[in-house]
Colleague: 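Okay, here's the structure, questions in a sec.
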Amino acid sequence: MYDALVVGAGLSGLVMVERLCTQLGWRCLLVDRREHLGGNCYDAPDQNGVLTHIYGPHYFRTDSPELVHYLSRFTAWHKTRYTVRSFTEGKYWSFPVNLRTFEQLLGRESCQDEFRRWLDEHRVPIADPKNSEEMMLASVGEELYEKFFKGYTKKQWCKEPRDLHPSVCGRIPIRTTRDDSYVDESFQALPADGYTAMFQRMVDTCGDNLEIRLGVDFREVKDTTAFGHLIYTGPIDEYFHACHGRLEYRSLRFEVESFSSRSLAQQGKSGVWQPYLQVNYPNSGQYTRAVEIKHATNQETPHTNVVREYPQEYTQDNDPYYPVPTDRNLMLYKKYAAMAEIQKGVTFLGRLATYAYLNMDQAVAQALRTFDAKFASCTKRRHPGLA
Ligand code: FAD
Ligand code: UDP
(Lines give C-alpha, C1' and ligand atoms only; values in the text may rest on other atoms or scores of the structure.)
(Ligands and ions follow the chains in the order given, each with its own letter.)
Protein backbone atom coordinates (compact mmCIF):
# COMPACT_ATOMS: atom_id res chain seq x y z
CA MET A 1 0.00 0.00 0.00
CA TYR A 2 1.47 3.33 -1.06
CA ASP A 3 0.29 6.67 0.30
CA ALA A 4 0.61 8.06 -3.22
CA LEU A 5 1.14 6.81 -6.74
CA VAL A 6 2.88 9.48 -8.82
CA VAL A 7 2.58 9.11 -12.59
CA GLY A 8 5.36 10.84 -14.49
CA ALA A 9 8.95 11.38 -13.34
CA GLY A 10 9.22 14.80 -15.01
CA LEU A 11 9.88 17.95 -13.05
CA SER A 12 6.27 18.17 -11.79
CA GLY A 13 6.14 14.58 -10.53
CA LEU A 14 9.60 14.81 -8.99
CA VAL A 15 8.91 17.99 -7.02
CA MET A 16 5.67 16.53 -5.70
CA VAL A 17 7.26 13.22 -4.76
CA GLU A 18 10.12 14.99 -3.01
CA ARG A 19 7.66 17.03 -0.94
CA LEU A 20 5.41 14.08 -0.07
CA CYS A 21 8.29 11.81 0.96
CA THR A 22 10.41 14.31 2.87
CA GLN A 23 7.77 16.60 4.39
CA LEU A 24 5.02 14.09 5.14
CA GLY A 25 7.00 10.88 5.29
CA TRP A 26 4.61 9.36 2.77
CA ARG A 27 5.56 6.18 1.01
CA CYS A 28 5.31 6.82 -2.74
CA LEU A 29 5.54 4.85 -5.94
CA LEU A 30 6.82 6.88 -8.90
CA VAL A 31 6.31 5.46 -12.39
CA ASP A 32 7.26 6.75 -15.81
CA ARG A 33 6.78 5.08 -19.15
CA ARG A 34 10.14 6.41 -20.26
CA GLU A 35 13.32 4.70 -19.07
CA HIS A 36 14.77 7.70 -17.25
CA LEU A 37 14.03 10.39 -14.66
CA GLY A 38 13.40 14.01 -15.60
CA GLY A 39 10.78 13.91 -18.36
CA ASN A 40 11.66 16.44 -21.04
CA CYS A 41 14.37 18.03 -18.89
CA TYR A 42 16.48 14.86 -18.98
CA ASP A 43 20.12 15.34 -20.02
CA ALA A 44 22.87 12.78 -20.63
CA PRO A 45 26.36 12.57 -22.14
CA ASP A 46 26.66 11.75 -25.86
CA GLN A 47 29.21 9.26 -27.25
CA ASN A 48 32.04 11.80 -26.64
CA GLY A 49 30.93 12.71 -23.12
CA VAL A 50 29.30 16.01 -24.14
CA LEU A 51 26.37 16.76 -21.83
CA THR A 52 23.33 16.88 -24.11
CA HIS A 53 19.79 18.14 -23.56
CA ILE A 54 18.10 15.09 -25.03
CA TYR A 55 14.67 16.70 -25.53
CA GLY A 56 15.76 20.12 -26.79
CA PRO A 57 17.40 23.01 -24.96
CA HIS A 58 16.25 23.62 -21.40
CA TYR A 59 17.22 27.13 -20.36
CA PHE A 60 16.37 27.47 -16.69
CA ARG A 61 15.25 30.98 -15.81
CA THR A 62 13.10 32.53 -13.12
CA ASP A 63 12.32 35.73 -11.28
CA SER A 64 11.54 33.84 -8.08
CA PRO A 65 14.21 33.71 -5.34
CA GLU A 66 12.02 31.15 -3.51
CA LEU A 67 12.24 28.71 -6.41
CA VAL A 68 15.99 29.13 -6.68
CA HIS A 69 16.25 28.55 -2.94
CA TYR A 70 14.16 25.37 -3.17
CA LEU A 71 16.08 23.88 -6.12
CA SER A 72 19.45 24.90 -4.65
CA ARG A 73 18.98 22.11 -2.11
CA PHE A 74 19.65 19.70 -4.95
CA THR A 75 22.11 21.54 -7.15
CA ALA A 76 24.72 24.26 -7.46
CA TRP A 77 24.28 26.58 -10.47
CA HIS A 78 26.26 27.52 -13.51
CA LYS A 79 25.30 31.12 -14.34
CA THR A 80 24.98 31.64 -18.05
CA ARG A 81 23.20 33.72 -20.72
CA TYR A 82 21.03 32.38 -23.47
CA THR A 83 21.88 34.06 -26.75
CA VAL A 84 20.14 33.21 -29.96
CA ARG A 85 20.36 34.30 -33.59
CA SER A 86 17.78 34.01 -36.31
CA PHE A 87 19.22 32.91 -39.66
CA THR A 88 17.36 34.30 -42.66
CA GLU A 89 18.19 36.03 -45.95
CA GLY A 90 21.69 34.58 -45.70
CA LYS A 91 22.67 36.18 -42.40
CA TYR A 92 22.50 35.85 -38.63
CA TRP A 93 20.12 38.38 -37.10
CA SER A 94 20.22 39.45 -33.50
CA PHE A 95 17.17 37.86 -31.84
CA PRO A 96 14.80 38.40 -30.07
CA VAL A 97 14.06 41.66 -31.87
CA ASN A 98 16.08 44.44 -30.21
CA LEU A 99 17.97 47.58 -31.18
CA ARG A 100 20.79 45.52 -32.72
CA THR A 101 18.25 43.79 -35.02
CA PHE A 102 16.98 47.22 -36.09
CA GLU A 103 20.53 48.38 -36.78
CA GLN A 104 21.08 45.32 -38.96
CA LEU A 105 17.89 46.19 -40.83
CA LEU A 106 19.07 49.77 -41.43
CA GLY A 107 22.69 48.81 -42.07
CA ARG A 108 23.92 51.52 -39.68
CA GLU A 109 23.95 52.52 -36.02
CA SER A 110 20.76 53.78 -34.47
CA CYS A 111 19.30 54.62 -31.08
CA GLN A 112 16.32 53.66 -28.91
CA ASP A 113 14.32 56.77 -29.89
CA GLU A 114 14.66 56.10 -33.60
CA PHE A 115 13.68 52.42 -33.13
CA ARG A 116 10.67 53.38 -30.98
CA ARG A 117 9.52 55.85 -33.66
CA TRP A 118 9.99 53.19 -36.36
CA LEU A 119 7.96 50.70 -34.35
CA ASP A 120 5.20 53.27 -33.79
CA GLU A 121 4.99 53.81 -37.55
CA HIS A 122 5.07 50.12 -38.47
CA ARG A 123 2.96 48.51 -35.76
CA VAL A 124 -0.55 47.58 -36.86
CA PRO A 125 -2.99 49.24 -34.46
CA ILE A 126 -4.67 46.23 -32.84
CA ALA A 127 -5.70 47.09 -29.28
CA ASP A 128 -6.53 43.57 -28.11
CA PRO A 129 -4.67 40.94 -30.18
CA LYS A 130 -6.78 37.78 -30.47
CA ASN A 131 -4.14 35.45 -31.94
CA SER A 132 -0.39 35.13 -32.55
CA GLU A 133 -0.49 36.89 -35.94
CA GLU A 134 -2.29 39.91 -34.48
CA MET A 135 0.03 39.83 -31.48
CA MET A 136 3.15 40.18 -33.61
CA LEU A 137 1.65 42.65 -36.08
CA ALA A 138 0.69 44.79 -33.09
CA SER A 139 4.17 44.43 -31.51
CA VAL A 140 6.59 44.74 -34.44
CA GLY A 141 4.60 45.25 -37.66
CA GLU A 142 4.44 43.30 -40.89
CA GLU A 143 8.09 43.35 -42.02
CA LEU A 144 9.57 41.87 -38.84
CA TYR A 145 6.60 39.51 -38.43
CA GLU A 146 7.19 38.09 -41.91
CA LYS A 147 10.94 37.86 -41.43
CA PHE A 148 11.11 36.19 -38.03
CA PHE A 149 7.76 34.84 -36.85
CA LYS A 150 5.42 33.75 -39.60
CA GLY A 151 7.51 30.97 -41.16
CA TYR A 152 8.89 29.68 -37.88
CA THR A 153 5.45 29.46 -36.30
CA LYS A 154 3.95 27.63 -39.28
CA LYS A 155 6.83 25.16 -39.24
CA GLN A 156 6.69 24.59 -35.49
CA TRP A 157 2.94 24.13 -35.15
CA CYS A 158 1.80 23.23 -38.68
CA LYS A 159 -0.82 25.94 -38.17
CA GLU A 160 -1.34 29.52 -39.24
CA PRO A 161 -0.24 31.97 -36.50
CA ARG A 162 -3.76 33.40 -36.69
CA ASP A 163 -5.06 30.08 -35.34
CA LEU A 164 -2.83 30.13 -32.24
CA HIS A 165 -3.36 31.93 -28.95
CA PRO A 166 -1.51 35.30 -28.75
CA SER A 167 0.65 33.98 -25.90
CA VAL A 168 2.51 31.58 -28.24
CA CYS A 169 4.45 34.23 -30.18
CA GLY A 170 3.91 36.60 -27.27
CA ARG A 171 6.43 34.51 -25.29
CA ILE A 172 9.24 36.13 -27.21
CA PRO A 173 10.34 39.51 -25.80
CA ILE A 174 10.66 42.60 -27.99
CA ARG A 175 13.13 45.21 -26.77
CA THR A 176 14.24 48.63 -27.92
CA THR A 177 17.54 48.32 -25.99
CA ARG A 178 20.64 46.38 -27.11
CA ASP A 179 19.86 43.58 -24.61
CA ASP A 180 19.77 40.44 -26.76
CA SER A 181 19.15 37.82 -24.07
CA TYR A 182 16.54 35.29 -25.25
CA VAL A 183 14.56 35.58 -22.02
CA ASP A 184 13.70 38.34 -19.57
CA GLU A 185 14.00 36.64 -16.19
CA SER A 186 16.66 37.86 -13.75
CA PHE A 187 18.02 34.40 -12.79
CA GLN A 188 19.43 32.51 -15.79
CA ALA A 189 21.46 29.44 -14.89
CA LEU A 190 21.81 25.72 -15.49
CA PRO A 191 22.24 23.05 -12.79
CA ALA A 192 26.02 22.85 -12.45
CA ASP A 193 26.17 19.07 -12.98
CA GLY A 194 23.15 18.92 -15.27
CA TYR A 195 19.43 18.31 -14.77
CA THR A 196 19.67 14.54 -14.34
CA ALA A 197 22.16 14.90 -11.49
CA MET A 198 19.80 17.39 -9.82
CA PHE A 199 16.88 14.97 -10.18
CA GLN A 200 18.94 12.09 -8.80
CA ARG A 201 19.64 14.15 -5.68
CA MET A 202 15.94 14.95 -5.35
CA VAL A 203 15.00 11.29 -5.32
CA ASP A 204 17.94 10.40 -3.08
CA THR A 205 16.53 12.67 -0.37
CA CYS A 206 13.36 10.58 -0.38
CA GLY A 207 15.25 7.55 0.92
CA ASP A 208 13.30 4.34 1.47
CA ASN A 209 10.01 6.17 1.24
CA LEU A 210 10.29 6.24 -2.54
CA GLU A 211 10.09 3.36 -4.97
CA ILE A 212 10.73 4.16 -8.63
CA ARG A 213 9.69 2.05 -11.59
CA LEU A 214 10.88 3.29 -14.96
CA GLY A 215 9.65 2.00 -18.30
CA VAL A 216 6.26 1.39 -16.67
CA ASP A 217 2.99 2.89 -17.87
CA PHE A 218 0.26 3.99 -15.46
CA ARG A 219 -2.07 1.53 -17.19
CA GLU A 220 0.18 -1.36 -16.10
CA VAL A 221 -0.04 -0.54 -12.39
CA LYS A 222 -3.30 1.25 -11.78
CA ASP A 223 -5.45 -1.82 -11.20
CA THR A 224 -2.85 -3.90 -9.38
CA THR A 225 -1.41 -1.33 -6.98
CA ALA A 226 -3.03 -0.10 -3.78
CA PHE A 227 -2.52 3.61 -3.22
CA GLY A 228 -4.18 6.39 -1.24
CA HIS A 229 -3.79 9.28 -3.61
CA LEU A 230 -2.91 9.61 -7.29
CA ILE A 231 -0.73 12.40 -8.70
CA TYR A 232 -1.10 12.33 -12.46
CA THR A 233 1.20 14.32 -14.79
CA GLY A 234 0.42 12.62 -18.12
CA PRO A 235 -1.89 13.93 -20.87
CA ILE A 236 -5.25 14.76 -19.30
CA ASP A 237 -7.38 13.53 -22.22
CA GLU A 238 -5.60 10.16 -22.07
CA TYR A 239 -6.59 9.81 -18.40
CA PHE A 240 -10.26 10.23 -19.34
CA HIS A 241 -9.95 7.89 -22.38
CA ALA A 242 -10.47 10.90 -24.69
CA CYS A 243 -14.20 10.75 -23.90
CA HIS A 244 -14.76 14.29 -25.24
CA GLY A 245 -12.29 13.85 -28.13
CA ARG A 246 -8.52 14.10 -28.37
CA LEU A 247 -6.58 17.17 -27.37
CA GLU A 248 -3.84 18.12 -29.81
CA TYR A 249 -0.18 17.99 -28.82
CA ARG A 250 2.83 18.89 -30.93
CA SER A 251 5.77 16.54 -31.08
CA LEU A 252 9.36 16.91 -32.25
CA ARG A 253 12.12 14.73 -33.61
CA PHE A 254 15.57 15.56 -32.24
CA GLU A 255 18.57 14.90 -34.43
CA VAL A 256 21.93 14.93 -32.62
CA GLU A 257 25.08 15.54 -34.65
CA SER A 258 28.20 14.85 -32.58
CA PHE A 259 31.59 16.32 -33.42
CA SER A 260 34.80 14.92 -31.94
CA SER A 261 37.77 17.28 -31.63
CA ARG A 262 39.19 15.51 -34.71
CA SER A 263 36.12 16.06 -36.86
CA LEU A 264 36.01 19.71 -35.75
CA ALA A 265 39.69 20.13 -36.68
CA GLN A 266 39.02 18.62 -40.11
CA GLN A 267 36.50 21.42 -40.66
CA GLY A 268 38.98 24.04 -39.47
CA LYS A 269 37.07 24.47 -36.18
CA SER A 270 38.07 24.15 -32.56
CA GLY A 271 35.90 23.58 -29.47
CA VAL A 272 32.55 24.60 -30.95
CA TRP A 273 30.75 23.99 -34.23
CA GLN A 274 28.40 26.95 -34.69
CA PRO A 275 29.05 30.52 -33.58
CA TYR A 276 25.99 30.74 -31.29
CA LEU A 277 24.18 28.70 -28.66
CA GLN A 278 20.99 28.58 -30.72
CA VAL A 279 20.23 29.43 -34.31
CA ASN A 280 16.58 29.69 -35.38
CA TYR A 281 15.63 28.98 -38.99
CA PRO A 282 12.34 30.79 -39.64
CA ASN A 283 12.33 30.57 -43.42
CA SER A 284 14.44 27.64 -44.57
CA GLY A 285 14.97 23.94 -43.91
CA GLN A 286 12.76 21.44 -42.15
CA TYR A 287 14.05 22.13 -38.67
CA THR A 288 13.20 25.12 -36.51
CA ARG A 289 16.41 25.49 -34.56
CA ALA A 290 19.91 24.11 -34.08
CA VAL A 291 21.25 24.17 -30.53
CA GLU A 292 24.84 23.73 -29.41
CA ILE A 293 24.31 23.49 -25.67
CA LYS A 294 28.02 23.58 -24.91
CA HIS A 295 27.88 27.37 -25.40
CA ALA A 296 25.67 27.50 -22.29
CA THR A 297 27.11 24.67 -20.18
CA ASN A 298 30.70 25.78 -20.95
CA GLN A 299 31.72 22.18 -20.43
CA GLU A 300 35.48 21.67 -20.60
CA THR A 301 35.79 19.27 -23.51
CA PRO A 302 37.28 19.52 -27.01
CA HIS A 303 34.18 17.78 -28.43
CA THR A 304 30.72 19.17 -29.05
CA ASN A 305 27.34 18.47 -30.60
CA VAL A 306 24.42 20.21 -32.27
CA VAL A 307 20.78 19.15 -31.80
CA ARG A 308 18.29 20.04 -34.55
CA GLU A 309 14.54 20.04 -33.91
CA TYR A 310 12.13 18.76 -36.53
CA PRO A 311 8.49 19.45 -35.62
CA GLN A 312 6.13 16.56 -36.21
CA GLU A 313 2.63 15.34 -35.57
CA TYR A 314 2.01 13.59 -32.23
CA THR A 315 1.21 9.91 -32.76
CA GLN A 316 1.30 6.71 -30.73
CA ASP A 317 5.00 6.34 -31.61
CA ASN A 318 6.40 9.60 -30.25
CA ASP A 319 5.96 11.92 -27.26
CA PRO A 320 3.63 14.87 -26.64
CA TYR A 321 5.86 17.90 -26.10
CA TYR A 322 3.60 20.92 -26.42
CA PRO A 323 -0.07 21.58 -25.71
CA VAL A 324 -1.41 23.37 -28.80
CA PRO A 325 -3.22 26.54 -27.67
CA THR A 326 -6.02 26.93 -30.22
CA ASP A 327 -9.61 27.94 -29.36
CA ARG A 328 -10.79 24.39 -30.03
CA ASN A 329 -8.20 22.79 -27.74
CA LEU A 330 -8.63 25.31 -24.94
CA MET A 331 -12.41 24.78 -24.99
CA LEU A 332 -11.97 21.01 -24.99
CA TYR A 333 -9.46 21.20 -22.15
CA LYS A 334 -12.07 23.03 -20.05
CA LYS A 335 -14.31 19.97 -20.29
CA TYR A 336 -11.53 17.70 -19.04
CA ALA A 337 -10.56 20.22 -16.35
CA ALA A 338 -14.16 20.16 -15.10
CA MET A 339 -14.01 16.36 -14.88
CA ALA A 340 -10.63 16.55 -13.12
CA GLU A 341 -12.07 18.98 -10.60
CA ILE A 342 -14.52 16.40 -9.27
CA GLN A 343 -12.20 13.36 -9.31
CA LYS A 344 -11.75 12.19 -5.75
CA GLY A 345 -8.20 11.50 -4.59
CA VAL A 346 -6.53 12.55 -7.85
CA THR A 347 -4.32 15.58 -8.46
CA PHE A 348 -3.58 16.69 -12.03
CA LEU A 349 -0.28 18.44 -12.37
CA GLY A 350 2.18 19.74 -14.93
CA ARG A 351 2.39 20.65 -18.57
CA LEU A 352 0.39 17.71 -19.94
CA ALA A 353 -2.22 17.25 -17.23
CA THR A 354 -3.07 20.96 -16.96
CA TYR A 355 -2.59 21.46 -20.71
CA ALA A 356 -0.47 24.56 -20.15
CA TYR A 357 2.64 25.79 -21.96
CA LEU A 358 4.64 25.83 -18.69
CA ASN A 359 8.29 26.70 -18.40
CA MET A 360 10.30 24.77 -15.83
CA ASP A 361 10.03 27.41 -13.13
CA GLN A 362 6.27 27.55 -13.65
CA ALA A 363 6.04 23.76 -13.37
CA VAL A 364 8.03 23.77 -10.11
CA ALA A 365 5.93 26.65 -8.75
CA GLN A 366 2.70 24.87 -9.66
CA ALA A 367 3.83 21.68 -7.90
CA LEU A 368 4.97 23.52 -4.75
CA ARG A 369 1.75 25.55 -4.66
CA THR A 370 -0.34 22.43 -5.04
CA PHE A 371 1.56 20.65 -2.29
CA ASP A 372 1.10 23.59 0.09
CA ALA A 373 -2.59 24.00 -0.71
CA LYS A 374 -3.61 20.38 -0.79
CA PHE A 375 -1.16 18.22 1.13
CA ALA A 376 0.90 20.26 3.59
CA SER A 377 -1.71 19.78 6.31
CA CYS A 378 -2.10 16.02 5.70
CA THR A 379 -1.13 13.47 8.31
CA LYS A 380 2.59 12.96 8.67
CA ARG A 381 4.09 9.52 8.96
CA ARG A 382 7.24 8.56 10.76
CA HIS A 383 10.20 9.18 8.53
CA PRO A 384 13.84 9.61 9.54
CA GLY A 385 14.24 12.57 7.19
CA LEU A 386 11.24 14.48 8.57
CA ALA A 387 11.95 18.00 9.79
P1 FAD B 1 7.06 16.28 -18.62
O2 FAD B 1 8.50 16.65 -18.61
O3 FAD B 1 6.39 16.11 -19.94
O4 FAD B 1 6.89 14.95 -17.78
C5 FAD B 1 5.74 14.14 -17.80
C6 FAD B 1 6.20 12.70 -17.67
O7 FAD B 1 5.04 11.87 -17.53
C8 FAD B 1 6.94 12.20 -18.90
O9 FAD B 1 8.23 11.75 -18.54
C10 FAD B 1 6.08 11.08 -19.44
O11 FAD B 1 6.82 10.00 -19.97
C12 FAD B 1 5.31 10.66 -18.20
N13 FAD B 1 4.01 10.02 -18.51
C14 FAD B 1 3.00 10.54 -19.24
N15 FAD B 1 1.97 9.67 -19.29
C16 FAD B 1 2.35 8.58 -18.59
C17 FAD B 1 1.73 7.33 -18.27
N18 FAD B 1 0.49 7.03 -18.71
N19 FAD B 1 2.42 6.43 -17.53
C20 FAD B 1 3.68 6.70 -17.10
N21 FAD B 1 4.31 7.88 -17.35
C22 FAD B 1 3.66 8.80 -18.09
N23 FAD B 1 11.22 25.14 -20.02
C24 FAD B 1 12.05 26.11 -19.61
O25 FAD B 1 11.88 26.67 -18.51
N26 FAD B 1 13.10 26.50 -20.39
C27 FAD B 1 13.36 25.94 -21.60
O28 FAD B 1 14.31 26.32 -22.28
C29 FAD B 1 12.48 24.91 -22.06
N30 FAD B 1 12.69 24.33 -23.25
C31 FAD B 1 11.85 23.35 -23.68
C32 FAD B 1 12.10 22.75 -24.92
C33 FAD B 1 11.27 21.74 -25.37
C34 FAD B 1 11.53 21.12 -26.71
C35 FAD B 1 10.17 21.33 -24.59
C36 FAD B 1 9.26 20.24 -25.08
C37 FAD B 1 9.92 21.91 -23.36
C38 FAD B 1 10.76 22.93 -22.89
N39 FAD B 1 10.57 23.52 -21.64
C40 FAD B 1 11.41 24.52 -21.22
C41 FAD B 1 9.44 23.13 -20.77
C42 FAD B 1 9.81 22.02 -19.78
O43 FAD B 1 10.18 20.87 -20.50
C44 FAD B 1 8.59 21.75 -18.90
O45 FAD B 1 8.27 22.89 -18.13
C46 FAD B 1 8.78 20.59 -17.93
O47 FAD B 1 9.35 19.48 -18.55
C48 FAD B 1 7.43 20.22 -17.34
O49 FAD B 1 7.55 19.05 -16.57
P50 FAD B 1 6.34 18.04 -16.42
O51 FAD B 1 6.76 17.07 -15.40
O52 FAD B 1 5.08 18.80 -16.20
O53 FAD B 1 6.17 17.36 -17.85
N1 UDP C 1 8.86 31.95 -32.55
C2 UDP C 1 9.02 32.46 -33.81
N3 UDP C 1 10.28 32.70 -34.28
C4 UDP C 1 11.38 32.42 -33.56
C5 UDP C 1 11.22 31.89 -32.27
C6 UDP C 1 9.95 31.66 -31.79
O7 UDP C 1 8.04 32.70 -34.52
O8 UDP C 1 12.51 32.64 -34.05
C9 UDP C 1 7.49 31.69 -32.05
C10 UDP C 1 7.03 30.27 -32.42
O11 UDP C 1 5.64 30.28 -32.61
C12 UDP C 1 7.41 29.49 -31.18
C13 UDP C 1 7.06 30.49 -30.08
O14 UDP C 1 7.45 31.77 -30.64
O15 UDP C 1 6.70 28.29 -31.08
C16 UDP C 1 7.76 30.27 -28.77
O17 UDP C 1 9.15 30.19 -29.00
P18 UDP C 1 10.16 29.59 -27.92
O19 UDP C 1 11.53 29.75 -28.44
O20 UDP C 1 9.84 30.20 -26.60
O21 UDP C 1 9.71 28.09 -27.95
P22 UDP C 1 10.02 26.83 -27.02
O23 UDP C 1 11.39 27.05 -26.47
O24 UDP C 1 8.95 26.79 -26.00
O25 UDP C 1 9.96 25.73 -27.99
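One-based numbering, in listed order, for ligands and for the atoms of each.
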Colleague: Looking at atom 2 (O) of ligand 1, what's its closest protein heavy atom, distance included?
Modeller: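 Protein heavy atom with the smallest distance to atom 2 (O) of ligand 1: N40 N, 3.0 Å.
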
Colleague: Please confirm whether D32 comes within less than 3.5 Å of ligand 1 when only nitrogen or oxygen atoms on both sides are compared.
Modeller: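 The answer is yes, given that D32 and ligand 1 share an N or O pair closer than 3.5 Å.
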
Colleague: My understanding is that only one of H303, E257, H295, Q267 makes a side chain to side chain donor-acceptor pair (under 3.5 Å) with W273; could you say which?
Modeller: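 When H303, E257, H295, Q267 are each tested with W273, the side chain to side chain donor-acceptor pair (under 3.5 Å) holds only for Q267.
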
Colleague: Got a second to check how far W93's CH2 is from S86's OG, nearest 0.5 Å?
Modeller: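 Going from the CH2 atom of W93 to the OG atom of S86 covers 9.0 Å.
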
Colleague: Using side chain to side chain donor-acceptor pair (under 3.5 Å) as the criterion, point out the one residue from K269, Q299, K294, E292 that pairs with T304.
Modeller: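 Only one of K269, Q299, K294, E292 forms a side chain to side chain donor-acceptor pair (under 3.5 Å) with T304, namely E292.
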
Colleague: Hey, is CE on M331 packed in by over 12 heavy atoms from elsewhere, all under 6.0 Å?
Modeller: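 No, the 6.0 Å shell around CE holds no more than 12 heavy atoms from other groups.
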
Colleague: Under the ring-ring contact (aromatic ring centres under 6.0 Å, His included) test, which residues partner F199, sequence neighbours left out?
Modeller: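 If we apply the ring-ring contact (aromatic ring centres under 6.0 Å, His included) test to F199, skipping adjacent residues, there are no hits.
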
Colleague: Is the closest heavy-atom distance from F60 to ligand 1 below 4.0 Å?
Modeller: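 No heavy atom of F60 comes that close to ligand 1.
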
Colleague: Kindly state whether the ring of Y249 and the ring of Y322 have centres lying under 6.0 angstrom apart.
Modeller: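 That pair fails the under 6.0 Å test.
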
Colleague: Once you round to the nearest 0.5 Å, how far does OG1 of T153 lie from CD of E160?
Modeller: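 Rounded to the nearest 0.5 Å, the OG1-CD separation comes to 10.0 Å.
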
Colleague: At the 4.0 Å heavy-atom cut-off, does R61 count as touching ligand 1?
Modeller: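 Under 4.0 Å: yes for R61.
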
Colleague: Please round to the nearest 0.5 Å and tell me the distance separating atom CZ of F148 and atom CD1 of I174.
Modeller: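 One gets 9.5 Å once the value is rounded to the nearest 0.5 Å.
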
Colleague: Applying a strict 4.0 Å limit to heavy atoms, is E238 in contact with ligand 1?
Modeller: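 Heavy atoms of E238 do come under 4.0 Å of ligand 1.
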
Colleague: Tell me the residues surrounding ligand 2, counting only those with a heavy atom closer than 4.0 angstrom, sorted by chain and number.
Modeller: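 For ligand 2, the residues that come within the 4.0 Å heavy-atom cutoff are F95, F148, F149, Y152, T153, Q156, W157, V168, C169, R171, I172, Y182, N280, R289, Y322, Y357.
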
Colleague: What do you reckon, does V216 put a non-hydrogen atom under 4.0 Å from ligand 1?
Modeller: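 It does; at least one heavy atom falls under 4.0 Å.
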
Colleague: Run the contact test for A353 against ligand 1 with a 4.0 Å cut-off on heavy atoms, strictly below, and give the result.
Modeller: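 No, A353 has no heavy atom closer than 4.0 Å to ligand 1.
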
